[in-house]
Amino acid sequence: MQLTNRKKVVVKKEMSLAEKLYLPAITNGMVITMKHFFKKGATVRYPEVKREISETYRGQHVLKRDEQGAERCTACGLCAVACPAEAITMEAAERKKGEETLYREEKYAAVYEINMLRCIFCGLCEEACPKEAIFLTDRIVPTDLKRDEFVYGKDKLVEDINHRIDLSGRQTKEVLEFKKDKTKAHNQTWADKQKLLKENKHH
Amino acid sequence: MKDVIIGIPIQWYIYLSVALFCIGVLGVLFRRNAIIIFMCVELMLNAVNLLMVAFSRYFGDTSGQVFVFFVMVVAAAEVAVGLAILMMIFRNTKSTDIDTLNRLKW
Amino acid sequence: MLLSQYLFFFLSFVAVLSALMVILDKNPVHSVLFLIVTFFAIAGHYLLLNAQFLAVTHIIVYAGAIMVLFLYVIMMLNLNKEIEPHKKNIPKVAAVISAGVLMMCLVALLKGAEVQMLPAARNSNIGLVDSLGKVLFKEYMLPFEVSSVLFLAAMVGAVFLSKKEIH
Amino acid sequence: MTSTSSTYDEKQYSTLNLGPTHPATHGIFQNILTMDGEMIVDSVSTIGYIHRAFEKLAEHRPYNQITPITDRLNYCSSPINNMGWHMTVEKLIGAEIPKRAQYMRVIIMELSRIADHIVCDTVIAVDTGAMTGFLHLFQYREWIYEIFEEICGARLTTNIGRIGGMERDFSPKAWEKLDHFLKNFPTGLREFQKLVDRNRIFMDRTINVGGITVDMALDYGFTGPNLRAAGVDYDVRVANPYSSYEDFEFDIPVGTNGDTYDRYMVRMEEMWQSLRIIEQAVKNIPDGAYHADLPEFYLPEKQDVYNKMEALIYHFKIVMGETAVPKGEVYHSVEGGNGELGFYLVSDGGRQPFRLHFRRPCFIYYQAYPEMIRGGMLSDAILTMSSMNVIAGELDA
Amino acid sequence: MLTFIIYKSILVLIVFLISLGVAAYATYGERKVAAFMQDRIGPDRAGPFGIFQPLADGLKMFMKEEIIPTVSNKFLFILGPSLAMLTALMAGVVVPWGGKLAIGDHFYPLQITDINIGILYVFGVVSFGVYGIMIGGWASNNKYSLLGALRASSQMISYEIAMGLAIVALVMKTGTLSLGEMVAQQGTGGWWNIVYQPLGFLIFLICAFAETNRAPFDLPECETELVGGYHTEYSSMKLGFYLFAEYINIFISSAVISTLYFGGFNLPFQSHIPLDGNWLVIAQTAFFFGKVIFFIFFFMWVRWTIPRFRYDQLMNLGWKILIPLAIFNILATGVLMYALGKV
């Protein structure tokens, strides 16, 4: 049947005499495998050596803190809505006085859980977050023996204040440029705001 | 009594062959599975073979052993054809019971 | 007792016992295996009689080919204990009696027989390949060729028989 | 016990369960074979072992959340599924996609077609017993996955792109990796072909095995490589071009009688044609935006979300799935790794599809499987299955 | 007499241990060879370069749970792997591993026994080897196992014929069935038999692949069709026995190939080498093992290169190509010998 003029028959089923004799093709194949025998292997010796993982890799999540160490998440719930696997649960709470250095906004996630068995690492939560709070990283979720252990709470998700995770590679140039602008409300930490308030009073 | 080899008289081999042969006969009469009967026939042939080798050794004559070869050839040919026939019978009757075969039809 | 006697009795015991098991065991696969043991015992006897070549040929032909065929057919037809038909006791008794009578007759017949030893005997090398080959290809040339024709006929017959019916 | 006019009764035959877990069923599906020795007399196929109700699942999700579901259809070439879904929605809302984004999509789709065909062709070789070529070519598949990782962040379940274009431009590293792949892959592929193609053992195993005639293939609704192997040059990329495929020069490889060797060779040649397409696309890719200007469907830039009220509103609306989609029904199909992958979408204007149907080529191939293996041997059945590339994810959607 | 028995027992023990050791390291070698050919690394965790991997594997095999299917025939289920192992180990008896070691006034040949029908003995043992697979496959009461067993038996019987015919041509040339004598013939003056019997060697090699159930003839266990073939239902050390038996078979067939066609333990240009006495014997034995290891490697090399046959194609190759070729080889050998006046 001819539908187009791009047709090209690619199969040749008749065997030449040399092909019928088995041995030339087998020898040929054995030469190829022998070439590979002396080639360097492609294996990465995993636990000791780690493959270079791209910066955009969608691995284990992290809940970011800001420069002052306050949690960025404001429990808006967009990530939970965006999640196609329904893996994210959260409970919001109101920030009390004195907790300003712990939580960046007036509302924060008292409970934030991701069920890593449900999560499909599609990255939609990161796309949904309007607060730069949740990111996927190039880390890999470790295995475990119990199902309970896969429900990651804030203890595992929020980044360690002493071991910050650099995510600048995931963000576009425009975002990085924008973040330098301290006049924008988005970029101001609580301390910045206090400073601004003071300056305004002086004026 | 003269020995075939040191310490073993020819009579011993005769008795052994007779015993094996009779077990073969008993099997043919006793069992009804055609394949087992076939195997018993092989056993009888082997009893005869054994006797022939013993006599060949006893008389120092190679012909006895050559004859054993021919028996083996016949046995092998018989097994090939016989088992093929049995297979065909089994395909048609679903059984290898000789009592179902005596009607010569199905 | 001499070593050869020990060997003889041991091999004979194994041969007769396993031959009995061939006909007594209900499972056809077991029967085949016992028959193989019998053949090995007989091969041992051949070795004892210094017929080495024959012993090895015996194993190759019987244990290596014929019994494999039996086993193959039994496996392919999937014959188990259940397929073994039941039999009434009277034919069994009759079978035992007649076989026993046959054995008694043969033993009685052969017991008194005096076997004459030929003068040229006791050449212990008759079982070796050289002497066998010479006899086989010189004196028994025609039977040898005829047997090969027999083989061919059997092969053709077997192939023809086991071909499926053509519709 | 249906088709053979045998005089023997059925006790002769034995039943063999090929699957659900068998090394040769690459996925979970079952064949109950009725065998006469090693010959297959009849077979009954069972599906549904990994049925996950994707169509119903999709009817309860906003449009952008359906993309991860399509990942899991034919997981050997998930980007094609993603793109097909995006294009379907774009067709519904009538979006115009910039040329650059279209070319980027073509590059990604052809890469994933190569990845898909690598899997299928090497697995045919593995099922004949030649394991080594499989691992040689799989290194190149790794490279393709690394390119995907660079572009979207994941390797297998890519969730690549968005409705309206790509989520980001190719990074310099992605271009670098793509060049590396294009430079080295032909050598590897040629070597694999030298190892397998003309080996008589392989040819004997595959030629005239599991063949299907043109009429039968068309009656069953075959598409893709399996139809082309039978000799019909039907290719969605040519018959019904999408995403600028009309800009590219490529041949449609066809076979002669639709047997396993034909299917193998057609896929082999398609890899070469895909390489041709990618090279043309890389050479001619225009500058410009990598996504369409669709504020209601395409997520706004992050810096705008952080700063601008309007962008934030759209962001919330899109994520919550509150954007209005026109009423209507569309069918869009792409040339998937395995054949015509179609999306039939009915919209009632709500946030979720009213009805969504995936036309999965594997589901169609698998119906013909019993007929194709009848009368062959067990080994043939296994090669036929692997050469049709029946993927369980696509079989049970 | 007593020293004779002690010496023979020690030799038997050594050959037994070497067979096991070579088989164990052949599994390691197989994995490494496969890995290198596939651009991988292979086992490298147990010890430096993973050289303790066979020990770890052996330990694992012993510790694993033993599963005997309830519907199987228990006795035969256990008998199967035992027979496979037994027959695999038996063939090493007649292989001449080296010359005669001189200790004191006595000469100790490095061959357990040089029976005058050595090659037939090997052949007999090989022909018996099929029972292990057949019985194990049948006793498992699994259809895949049964198919594997049936394939194995018909394959091994078919290829034995071609193998035997290939040997017949060789025996015509050497005029002896004793392996020791064949080696001696190839050592003194003559060329190695491969020069006289290239076609016979090729047929023998192909049949050796088929007899050991190696790719491209690994139909009885081919994992993509029959899951595991005859050893589908086996676990723990019984499975280990089957796998071990396969590698011992490879080892023995490599040794037999080297003995029959590649001069056995003879060194090339032996008369020009300034070695004598025990040193020569040791060099010969080492060289013999070198040849054996090369052939083991060759077995693996082929396995990781080519696809396997289908059942009917395998039978066609055996009956329609190899057997006629072998008969032609016999004929050609006879004609040549007659023409050269060797008869």
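Numbers restart at 1 for each chain; the letters A, B, ... are given by sequence-line order, proteins then strands. What's counted below: heavy atoms across the whole structure, side chains too, no hydrogens, waters or symmetry copies.
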- Specify which of E:Ala34, E:Pro216, E:Pro307 makes the most heavy-atom pairs with chain D at under 4.5 Å. E:Pro307
- Item | Options E:Ile306, E:Leu219, E:Leu150, ranked by heavy-atom pairs under 4.5 Å with chain D, top entry | E:Ile306
- Could you list which of residues 194-206 of chain D have a heavy atom closer than 4.5 Å to any heavy atom of chain E, in residue-number order? D:Leu195, D:Asn199, D:Ile201, D:Phe202, D:Asp204, D:Arg205
- Message: If the contact rule is any heavy atom under 4.5 Å from chain E, which residues of residues 130-144 of chain D qualify, in numerical order?
- Response: D:Ala130, D:Met131, D:Thr132, D:Leu135, D:His136, D:Gln139
- Shortest non-hydrogen contact from E:Tyr144 to D:Leu16? CE2-CD2, 3.9 Å
- Item | Nearest non-hydrogen partners of D:His22 and E:Leu226, listed with the distance | NE2-N, 4.5 Å
- Is it true that atom OH of E:Tyr247 has more than 12 heavy atoms of other residues, nucleotides or ligands lying nearer than 6.0 Å? yes
Nearest 0.5 angstrom please: [X] [atom1] to [Y] [atom2], how far?
| X | Y | atom1 | atom2 | result |
| --- | --- | --- | --- | --- |
| D:Leu18 | E:Lys143 | CG | NZ | 12.5 Å |
| D:Ser379 | E:Asp312 | OG | CG | 8.0 Å |
| E:Leu146 | D:Ser14 | CG | OG | 8.5 Å |

- Check salt bridge (charged side-chain N to carboxylate O under 4.0 Å, His left out) between E:Asp39 and all other residues, then give those that pass, not counting sequence neighbours. none
- Note on the structure: With sequence neighbours left out, the residues meeting salt bridge (charged side-chain N to carboxylate O under 4.0 Å, His left out) with D:Asp380 are E:Arg310
- Task: Pick one of side chain, backbone, both or neither for D:Val123, based on which atoms fall under 4.5 Å of a heavy atom in chain E.
- Result: neither
- Query: Quick one: what part of E:Gln313 sits under 4.5 Å from any heavy atom of chain D, side chain, backbone, both or neither?
  - Reply: side chain
